[in-house]
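Excluded from the calculations below are hydrogen atoms, water molecules and symmetry mates; all remaining heavy atoms, backbone and side chain alike, are included. Index from 1, following the sequence.
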Amino acid sequence: MAVPAMNSFKTVLKFLTNQKTTIGYSFMAILTIGSERIFAMVSFQCPCNRRQNFAYGLIFLLGPAVVLLVIGLFVCTRLWRLYTGCCLNPLKLCPRGNFVGCLQVLVKVLSGACIAPVMWLSVALLNGTFYECAVSGLDENVVVQIICKNKTRTCQDELHRVPCSKSQLPPNENTELLLMLRAQSQILGWSIIIISATVAIIGTCYKNCRSQVSYLQLTFQKIYIEKEKEKFELFAEDYATKLAERNLKSFFDNKSPEPFPFPHHKAWEEISTIYTFKKSEQYYSTLQRYVERTDRDYSSEKQPVLEGEDGIEMDC
């Protein structure tokens, strides 16, 4: 009985591992919906003031989206691999003759970072609470006249109080205005969802259509990159531990340190670049391309310290 149970557990675990991207996006969507509901029910209180409604509603609508965009960029490894060192060497960001590749990487970075903000805007607009408060505080005559079309002057004067149900308008007219504002908000929300889905499917189709390798090889590369990242973290932790032990032993024993093989600065630079498939070479990462080179200078890579242009680099 234990063996079938273990096999079933492995099958479920493998399925969850293979679907971790979908699960991650689903979890992000659930988290976004929950956060929006908490914001709307707990912290959001429309001031129902002509001068404050628009700014207050817009901050709650766009503020979290901006924060999520910044977080998405901050945790994007691809961005930092591309950006690090660009102030000292601007050509690293976009080398000559590789403008299209550079642009593709930036588009991938931005598209990945925009997933969470788009989710937030869609959920917030479908709910309509923030939009109602923001639009009711607009002082633009054109917008107000459109909303209060075929209504009395009182509608224009009391529009900013409609979200709080404190206007002097008749209850049925107040409800009608709320439904109109909510409908506009939901239309915008669905528009963002439809446009995002359309752009995503068109972008995916174009990328796959322009791919120089087959779908299965791209799948293999994706698996390889994940495994390489996992193993890199294990190797880095192991080597960092050994280097720390070697340095501490040298310090406390008051002896010269033993030779310790360590990649040269140039090697780190080469494996830190972003790699894309080419017809002329079949590598799955910059690390594989580097280790399979025949012109590597191993003698310069066994350095016990990291040397920069002006000597030993020290991190404060």
Side-chain angles (χ1 to χ4, degrees), residues 20-21 24-25 28 65-119 196 199-200 202-213 217-237 239-240 262-293 296 301 306-310 313 315-316:
K20 61 182 179 181
T21 302
Y25 286 150
M28 188 186 300
V66 173
V67 173
L68 290 172
L69 177 62
V70 173
I71 293 175
L73 293 173
F74 186 77
V75 300
C76 180
T77 306
R78 189 190 299 267
L79 174 64
W80 299 118
R81 292 183 68 173
L82 187 68
Y83 176 79
T84 302
C86 287
C87 291
L88 300 178
N89 182 18
L91 289 178
K92 181 175 181 281
L93 178 64
C94 194
R96 292 189 182 96
N98 194 29
F99 177 77
V100 176
C102 173
L103 187 61
Q104 288 177 346
V105 173
L106 292 177
V107 169
K108 290 178 181 179
V109 169
L110 290 176
S111 60
C114 285
I115 293 175
V118 167
M119 284 185 179
S196 301
V199 171
I202 291 176
T204 303
C205 291
Y206 177 78
K207 182 186 72 172
N208 290 345
C209 181
R210 297 283 298 177
S211 175
Q212 298 184 7
V213 296
Q217 194 170 6
L218 286 174
T219 303
F220 178 82
Q221 188 211 19
K222 182 179 179 181
I223 297 173
Y224 171 81
I225 291 295
E226 292 177 356
K227 295 300 180 182
E228 183 185 271
K229 182 180 178 182
E230 293 176 4
K231 295 298 181 181
F232 177 84
E233 292 175 354
L234 293 175
F235 268 75
E237 183 177 357
Y239 267 72
F262 202 78
H264 193 264
H265 174 73
K266 185 178 179 181
W268 286 105
E269 285 287 338
E270 291 191 24
I271 69 167
S272 297
T273 57
I274 295 176
Y275 177 74
T276 52
F277 272 121
K278 297 179 182 179
K279 289 182 178 180
S280 58
E281 55 186 25
Q282 185 174 327
Y283 304 127
Y284 296 102
S285 70
T286 52
L287 178 62
Q288 183 186 4
R289 181 174 62 183
Y290 176 78
V291 299
E292 293 190 11
R293 281 175 46 187
R296 289 170 56 187
E301 295 176 4
L306 298 177
E307 295 184 358
E309 296 178 356
D310 301 323
E313 295 182 356
D315 187 13
C316 298

Just how far is it from atom [atom1] of [X] to atom [atom2] of [Y], taken to the nearest 0.5 Å?
X: S111; Y: L106; atom1: OG; atom2: CG; result: 10.5 Å
X: E230; Y: E228; atom1: CD; atom2: CD; result: 11.0 Å
X: R81; Y: I271; atom1: CZ; atom2: CD1; result: 8.0 Å
X: T84; Y: L79; atom1: OG1; atom2: CG; result: 8.0 Å

Minimum-distance pair of heavy atoms, taken over all atoms of [X] and [Y]:
X: S272; Y: T286; value: N-OG1, 4.4 Å
X: A113; Y: L73; value: CB-CD2, 3.6 Å
X: Q288; Y: Y224; value: CB-OH, 4.0 Å
X: L68; Y: A116; value: CD1-O, 3.8 Å

(message) Which residue in the set H265, R293, R289 passes side-chain hydrogen bond (donor to acceptor under 3.5 Å, both in side chains) when paired with E270?
(response) R293

(request) For the pair Y83 and W80, name the ring-plane relationship: parallel under 30°, tilted 30 to 60°, perpendicular over 60°. (result) perpendicular

(request) Evaluate the ring planes of F232 and W268, with Trp represented by its six-membered ring, and classify them as parallel (under 30°), tilted (30 to 60°) or perpendicular (over 60°). (result) perpendicular

(request) Answer whether the closest heavy-atom distance between the side chains of I225 and S285 falls below 4.5 Å. (result) yes

(request) Side-chain contact test, heavy atoms from C-beta onward, threshold under 4.5 Å: evaluate it for V66 versus P117 and give yes or no. (result) no

(request) Could you tell me whether the side chains of E237 and Y239 share a donor-acceptor contact shorter than 3.5 Å? (result) no

